[in-house]
Amino acid sequence: MPATPYYLTTPIYYVNDAPHIGHAYTTLACDVLARFKRLDGYDVKFLTGTDEHGQKVEKSAEKAGVDPQSFADKVSQNFRSLAAFMKFSNDDFIRTTEPRHIQACQAMWTRMLDAGDIYLDNYGGWYAVRDEAFYGEDELTKQPDGTRIAPSGAEVEWVEEPSYFFKLSAWEDKLLAFYDANPDFIAPQSRRNEVTSFVKGGLQDLSISRTTFNWGVPVPGDEDHIFYVWLDALTNYISALGFPDEQGEYAKYWPADLHMVGKDILRFHAVYWPAFLMAAGLEPPKRVFAHGWWTNEGQKISKSLGNVIDPFELVEKYGLDQVRFFLLREIPFGNDGDFSHSAMVGRMNSELANDYGNLAQRVLSMIAKNCDGRVPDPKDKLVLSVDTAPTLGAIIGSRELIGRVRELMDRQAFHDALEAVWEVIREANRYVDQAAPWKLKKEDPEKMDAVLYVLAETIRNVTIVLQPFMPDSCSKILDQLSVPTDKRSFSHLSSVDNLMDENSLVPGTPLPKPEGAFPRFQDDEAGAA
Ligand code: MSP
């Protein structure tokens with residue numbers, strides 16, 4: 001049977017600026033999910049890319065004194081470098097200035113036009129270049145100096161120009177019916193309620209073309225107009241599948257299983273995008289998840305405050321897997337979170353170094369020292385040791401783990417998925433303390449072998465499950481258990497009812513010299529952590 005396709009996407013990032021923690025966060029969440037689904041046997045397509053048109057990019061290029069294309073080329077490269085640096089496993093990288101994308105946009109336009117959903121009129125209203133969004137007067141706050149700001153804090157300007165409109169108002173009922181029929185379309189639940197009430201409040205037709213500047217996709221058949229950047233940008237999700245060709249990748253991967261976005265851009269993905277698609281006679285995506293925003297040591301992150309977190313610096317300071325772990329472990333996914341040095345060091349030292357690292361290190365060193373550096377042989381004591389172990393939960397738990405974790409990952413509950421793994425890790429550490437294998441060396445060496453085998457197997461199972469989160473460190477630990485690289489997917493986890501099966505560690509296998517995978521972070525600032 002061919003593997004089930006799974007298509008997930010990040011937002012495409014504006015090339016007006018260097019990548020920061022927010023960009024790294026969204027893509028990281030997708031990367032972990034993509035790796036998870038691959039290990040679970042899916043045929044995954046994971047897409048990211050850059051959003052290169054629009055007024056915001058044009059203005060940034062102007063400021064830098066270069067033409068927008070060269071500017072986009074340069075900044076887009078920084079996003080690719082970040083992806084490589086963070087070991088993101090995206091299968092494609094789309095740029096909105098590529099011919100394949102422009103072609104898809106124009107085909108999308110033609111379909112919406114042919115369906116009668118586009119008309120020409122004049123636009124007069126407020127526009128925020130920073131958000132690339134139109135706002136109604138009632139959404140704005142008037143400042144003492146007479147200027148207005150959007151709910152996002154962005155300045156708006158008055159725009160008047162001829163414009164094509166999309167008949168969004170006609171899609172209100174169909175969108176509500178779609179949300180009703182697909183209760184998992186918008187997550188988390190609180191966001192779903194927000195979107196539903198926004199749509200219930202009434203939708204206005206949306207301006208979808210601009211005429212006062214040129215940096216965009218030309219509207220087919222009217223050279224005075226270019227695409228409104230959000231119609232252009234959203235289309236990336238299908239242009240990367242070869243649309244308008246509806247065979248091939250499009251047939252295989254569309255509708256997308258998941259669009260991962262930040263909470264600030266949910267409306268575009270959960271309201272405009274499904275309406276555009278339905279108008280064009282195409283299926284809406286299956287799910288949009290809106291995650292929260294990070295602050296830095298309690299403060300909103302902003303360039304003017306000078307507290308932007310550079311993901312490159314973060315990784316250099318704390319380590320890649322440590323940062324990957326922290327970002328998904330620290331807060332329930334969907335909530336806002338605060339990045340602080342002490343929280344980072346706290347997680348590194350308690351959960352990575354003390355709990356997981358120490359478990360692996362203790363067990364592997366005992367095996368190196370007492371079992372001749374080979375996987376111990378539990379013989380018939382395996383059952384005995386398991387039966388008599390007060391904390392039998394460790395091994396059994398690790399074998400049941402994937403079922404729980406899978407269900408949580410499908411809801412993008414990364415934090416809970418990690419908690420489920422840590423329950424097993426903590427349990428395994430208690431088992432080490434209670435079974436005290438170091439004492440058994442003299443008293444009952446066979447039982448010691450069985451206890452250490454149980455623990456090594458627990459580490460193998462837990463580490464296979466953790467690979468998507470911390471690929472390098474997990475690979476290092478699996479190497480130390482001599483697990484062959486082609487035996488590291490979820491189908492190689494041990495089964496619940498059989499403590500030793502064809503996937504389990506093979507007694508007698510030589511193991512390399514153990515090495516710590518998770519060093520403690522030590523500095524004065526976090527000395528107490
Ligand atoms: N170009 C649009 C997306 C088009 S998708 C068809 C865009 N780009 S962006 O570069 O401004 O932002 C991309 C993502 O970064 C958003 O999902 C946003 O939520 C996220 N973040 C920006 N700052 C953030 C934090 N401080 N914390 C977490 N995520 C943040 O919007």
Side-chain angles (χ1 to χ4, degrees), residues 8-30 47-58 60 72 75-76 78-79 82-83 93-97 101 104-105 108 128-133 150 152-154 191 215-217 227-240 256 258-274 276-277 285 288-305 307-311 314 323 326-328 330-331 333-340 412:
L8 84 169
T9 66
T10 75
I12 48 171
Y13 304 110
Y14 287 128
V15 289
N16 64 311
D17 210 350
H20 60 66
I21 187 77
H23 307 117
Y25 182 53
T26 316
T27 316
L28 169 66
C30 289
L47 176 72
T48 187
T50 41
D51 189 352
E52 308 190 356
H53 290 129
Q55 228 172 338
K56 173 150 125 168
V57 172
E58 193 186 63
S60 304
V75 183
S76 176
N78 299 339
F79 283 93
L82 176 72
F93 188 101
I94 184 114
R95 300 183 53 190
T96 55
T97 49
H101 174 73
C105 286
M108 188 69 185
V129 175
R130 200 181 87 187
D131 303 343
E132 296 282 19
S152 62
R191 300 280 168 212
W215 185 234
V217 177
F227 275 56
Y228 166 43
V229 70
W230 270 99
L231 173 56
D232 162 350
L234 288 161
T235 304
N236 91 87
Y237 301 131
I238 55 174
S239 45
L258 178 68
H259 291 320
M260 183 71 83
V261 301
K263 60 181 182 180
D264 53 318
I265 56 173
L266 177 60
R267 189 183 292 184
F268 298 95
H269 286 81
V271 181
Y272 303 167
W273 180 226
F276 294 155
L277 286 162
V288 180
F289 190 105
H291 66 66
W293 272 47
W294 284 94
T295 50
N296 184 359
E297 307 276 353
Q299 271 194 322
K300 186 174 177 323
I301 296 178
S302 90
K303 258 208 292 198
S304 50
L305 289 174
N307 64 350
V308 174
I309 302 177
D310 176 349
L314 213 58
V323 169
F326 175 83
L327 292 175
L328 294 178
E330 183 64 5
I331 44 152
F333 198 64
N335 292 7
D336 291 337
D338 183 42
F339 182 88
S340 71
Q412 291 77 50

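Throughout, numbering of the chain's residues begins at 1 and tracks the sequence. We count ligands from 1, going down the list as the structure has it; atoms in each ligand are counted the same way.
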Within the 6.0 Å centroid threshold, strictly below: Phe268 and Phe276: no

Ring center gap for His53 and Phe227 short of 6.0 angstrom: no

Stepwise side-chain contact (heavy atoms from CB on, under 4.5 Å) test for Trp230 and His269: CA-CA 10 Å; Trp230 270 99; His269 286 81; 3.9 Å; yes

Which residue holds the protein heavy atom closest to [atom], what is that atom called, and what is the gap in Å?
atom: atom 19 (O) of ligand 1; answer: Asp264 OD1, 2.5 Å
atom: atom 16 (C) of ligand 1; answer: Ile265 CD1, 3.9 Å
atom: atom 17 (O) of ligand 1; answer: Gly262 N, 2.9 Å
atom: atom 30 (C) of ligand 1; answer: Gly22 CA, 3.5 Å
atom: atom 27 (N) of ligand 1; answer: Trp294 N, 2.9 Å
atom: atom 3 (C) of ligand 1; answer: Ile12 O, 3.1 Å
atom: atom 22 (C) of ligand 1; answer: His20 CE1, 3.5 Å

Closest to atom 11 (O) of ligand 1 (judged by heavy-atom distance), picking from Trp293, Tyr13, Tyr14: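 Ranked by closest heavy atom to atom 11 (O) of ligand 1, first place is Tyr14.
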
For atom 1 (N) of ligand 1, the option (of Val15, Asp51, Asn236) bearing the nearest heavy atom: Asp51

Please state whether [X] comes within less than 4.0 angstrom of ligand 1, counting heavy atoms only.
X: Tyr237; result: yes
X: Trp230; result: yes
X: Glu132; result: no
X: Lys300; result: no
X: His269; result: yes

Residue from Thr50, Leu234, Asp232, Thr96 passing side chain to side chain contact (heavy atoms under 4.5 Å, CB included) with Ile12: Thr96

[X] neighbourhood, listing ligand 1 atoms whose heavy-atom distance to it stays under 4.0 Å:
X: Ala233; answer: 6 (C)
X: Pro11; answer: 3 (C), 5 (S), 17 (O)
X: Gly292; answer: 28 (C)

Residues Glu52, Arg95: salt bridge by 4.0 Å N-O rule: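 Salt bridge present between Glu52 and Arg95.
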
Under 3.5 Å: N/O of His291 near N/O of ligand 1: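 Not met; the criterion fails.
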
Distance-only side-chain donor-acceptor flag, Tyr14 / Ser60, under 3.5 Å: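 Distance-only check fails for Tyr14 and Ser60.
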
Main-chain N/O of Phe339 paired with Glu330 side-chain donor or acceptor, under 3.5 Å: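 Here the side-chain-to-backbone pair does not exist.
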
Is there a side-chain contact between [X] and [Y] in this structure, where contact means two heavy atoms from C-beta onward sitting under 4.5 Å apart?
X: Trp215; Y: Thr97; value: yes
X: Gln412; Y: Leu258; value: yes
X: Ile238; Y: Met108; value: yes
X: Thr26; Y: Tyr13; value: yes

